[in-house]
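Take a look at the structure set out below.
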Amino acid sequence: KKAFKTNGEDFYKQLITEKKFRLAVAVLAQISSDDAQAFTVGKISNSDFESEIKTQDAGVFEWKIDSGAQPQIALNDQTKHGGKRSLWMIFNSSDGKGFRAISQTVAVESGKTYDFETFYKSELKTSSTVRWEIADAADGKILASTEAISANADWTVLRTKFSVSAPTEAVIIRLARANCSSQICPISGRVWFDDFSLR
């Protein structure tokens, strides 16, 4: 069993290097020891944040959080759209230059069209815009993006649609901040995200 897992991990790493994401996610599902984590083609893992998220050493198909101080990122069990927890971000940047992004790589089927959806609640003061982007994992090309989140909103849905070309095996779902019209672009306040899905 140990030899099977070791060989599987080596094979998995090779597949990631070769950007064969669909086969890689199938191998990962076989060798993963985390029963709560579901790794499947066309599915965002830990989409409702009921499992922990890693601030370091996250796997390829898990939520990844960039290094940095702004915004602070944590799980919150007081404010949520569904389930027990949501993703919570706290902004307190006087110049807006630093932006700690969160992202996830998701294996997808070529030639299909997907609907991306998430819910958010916001209490922000900012003149810049924050939105979710879908990018090709192989070349970084942006395939779609949601509308910018509102500065103040109760639980609101964000949606976008994207099509997967023949060579594409995975996409990166990431939170992005648009360029500001001025050099100093402060952002402060809080935003919660919950219940991500691909259909």
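These values consider heavy atoms only, across backbone and side chains, with no hydrogens, waters or symmetry-generated copies.
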Open item on the list: I'd like to know whether Val27 forms a side-chain contact (heavy atoms from CB on, under 4.5 Å) with Leu15, so could you lay out the CA-CA distance, the side-chain angles of the two residues, the decisive distance to 0.1 Å, and finally the verdict.
Closed with: CA-CA 9 Å; Val27 171; Leu15 291 170; 3.9 Å; yes

Open item on the list: A side-chain contact here means heavy atoms from C-beta on lying under 4.5 Å apart; do Leu158 and Phe119 qualify?
Closed with: no

Open item on the list: Please evaluate residues Val25 and Thr40 with respect to the criterion side-chain contact (heavy atoms from CB on, under 4.5 Å), reporting the C-alpha separation (whole Å), side-chain torsions for both, the decisive distance (0.1 Å), and the verdict.
Closed with: CA-CA 6 Å; Val25 82; Thr40 308; over 6 Å; no

Open item on the list: Test your reading of the model: is there a side-chain donor-acceptor pair from Glu169 to the backbone of Phe21, 3.5 Å cut-off?
Closed with: yes

Open item on the list: Show the nearest heavy-atom pair for residues Val157 and Arg159, with the distance to one decimal.
Closed with: CG1-NH1, 3.5 Å

- [ ] Quick one: do Arg22 and Ser110 satisfy side-chain hydrogen bond (donor to acceptor under 3.5 Å, both in side chains)? Show the steps, please.
- [x] CA-CA 10 Å; Arg22 284 194 292 272; Ser110 298; 3.1 Å; yes

Task: Where Lys19 and Ala137 come nearest, the two heavy atoms and their spacing - done: NZ-O, 4.3 Å

Open item on the list: One pair to check against side-chain contact (heavy atoms from CB on, under 4.5 Å): Phe99 and Leu175. What are the steps and the verdict?
Closed with: CA-CA 10 Å; Phe99 184 75; Leu175 188 65; 4.0 Å; yes

Open item on the list: With rounding to the nearest 0.5 angstrom, report the CG to CG distance, Asp48 to Leu87.
Closed with: 11.5 Å

TODO: With the side chain counted from C-beta on, respond yes when Ile53 and Asn46 share a heavy-atom pair under 4.5 Å apart, and no when they do not.
DONE: yes

TODO: With sequence neighbours excluded, tell me which residues meet ring-ring contact (aromatic ring centres under 6.0 Å, His included) with Phe91.
DONE: none

Task: Candidate pair Phe162 and Val164, rule side-chain contact (heavy atoms from CB on, under 4.5 Å), full reasoning - done: CA-CA 7 Å; Phe162 64 95; Val164 180; 3.9 Å; yes

Open item on the list: Does either side chain, that of Gln104 or that of Ser45, offer a donor lying less than 3.5 Å from an acceptor on the other one?
Closed with: yes

Task: Minimum side-chain heavy-atom gap Lys112-Ser163 below 4.5 Å - done: no

Task: Check: Thr160 side chain, Ala144 main-chain N or O, donor-acceptor pair, under 3.5 Å - done: no

Open item on the list: Would you say that Tyr120 contacts His81 through its side chain, given a criterion of any heavy-atom pair below 4.5 Å between the two side chains?
Closed with: no

Task: Smallest separation among heavy atoms of Val191 and Ser122, with atom names - done: CG2-CB, 4.1 Å

- [ ] Scan Trp63, Phe193, Trp88 and name whichever one has a ring pair (Phe, Tyr, Trp, His ring centres under 6.0 Å) with Phe49.
- [x] Trp63

TODO: Taking only Lys NZ, Arg NE, NH1 and NH2, and the carboxylate oxygens of Asp or Glu, determine whether Glu147 and Arg131 approach each other closer than 4.0 Å.
DONE: no

Task: Test log, rule salt bridge (charged side-chain N to carboxylate O under 4.0 Å, His left out), inputs Glu52 and Arg85 - done: CA-CA 10 Å; Glu52 295 298 320; Arg85 298 192 290 196; 2.8 Å; yes

Open item on the list: Any heavy-atom pair between the side chains of Lys125 and Ile187 that's under 4.5 Å?
Closed with: no

- [ ] List the atom of Tyr12, the atom of Val60, and the distance in Å for their closest heavy-atom pair.
- [x] OH-CB, 3.5 Å

- [ ] State whether the side chain of Gln14 and the backbone N or O of Phe11 hold a donor-acceptor pair below 3.5 Å, judged by distance alone.
- [x] no

Open item on the list: Using 0.5 Å steps for rounding, measure from the CG atom of Asp57 to the CD atom of Glu62.
Closed with: 10.0 Å

- [ ] Report the residue from Leu75, Asp194, Asp195 that forms a side chain to side chain contact (heavy atoms under 4.5 Å, CB included) with Ser86.
- [x] Asp194

TODO: May I ask you to test the Asp66-Ile102 pair for a side-chain heavy-atom distance under 4.5 Å?
DONE: no

TODO: Please check if Leu28 and Val41 belong to a single hydrophobic cluster, counting links between Ile, Leu, Val, Met, Phe, Trp and Tyr side chain heavy atoms closer than 4.5 Å.
DONE: yes

Open item on the list: For Val106 versus Lys43, what's the shortest heavy-atom pair and its separation?
Closed with: CG1-O, 3.5 Å

Open item on the list: Tell me whether the rings of Phe116 and Phe196 are parallel (<30°), tilted (30 to 60°) or perpendicular (>60°).
Closed with: tilted

Task: Non-hydrogen side-chain atoms of Arg190 and Leu124 separated by less than 4.5 Å - done: no

Task: Cationic N near anionic O, under 4.0 Å, Lys84 to Glu50 - done: no

Open item on the list: Counting C-beta onward and ignoring hydrogens, is there a side-chain heavy-atom pair between Thr156 and Lys121 closer than 4.5 Å?
Closed with: no

Task: Sidechain N-carboxylate O distance under 4.0 Å for Lys161, Asp115 - done: yes

